Amino acid sequence: MVKKVLTWLGIAFLIFFIAFNPNSAADVFASLGGTIADIARGFGQFFTNLVA
């Protein structure tokens, strides 16, 4: 029950954040996307070096 309430509160906060601060929200998501891409590149480089 608590997990369900926290999930809905998180979704509500996300919608609120995007609705009232769209530029900041876009910057946050762009930064997260870049970070995820960097992590993926790091894993790819690791496995390339491991096999080579």
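Keep in mind it's a predicted model, so treat the numbers as computed, not measured.
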> Do Leu50 and Ile39 belong to the same hydrophobic cluster, where Ile, Leu, Val, Met, Phe, Trp and Tyr are linked whenever their side-chain heavy atoms lie under 4.5 Å apart, directly or via other members?
Replying inline: yes
> Taking everything shown except Phe16 itself, do over 12 heavy atoms lie less than 6.0 Å from its CZ?
Replying inline: no
> In this structure, which one of Ile15, Leu14, Asn21 forms a side chain to side chain contact (heavy atoms under 4.5 Å, CB included) with Ile18?
Replying inline: Leu14
> Does any non-hydrogen side-chain atom of Phe17 lie less than 4.5 Å from one of Ser24?
Replying inline: yes
> Is a side-chain donor or acceptor of Thr7 paired with a backbone partner of Lys3 at a separation under 3.5 angstrom?
Replying inline: yes
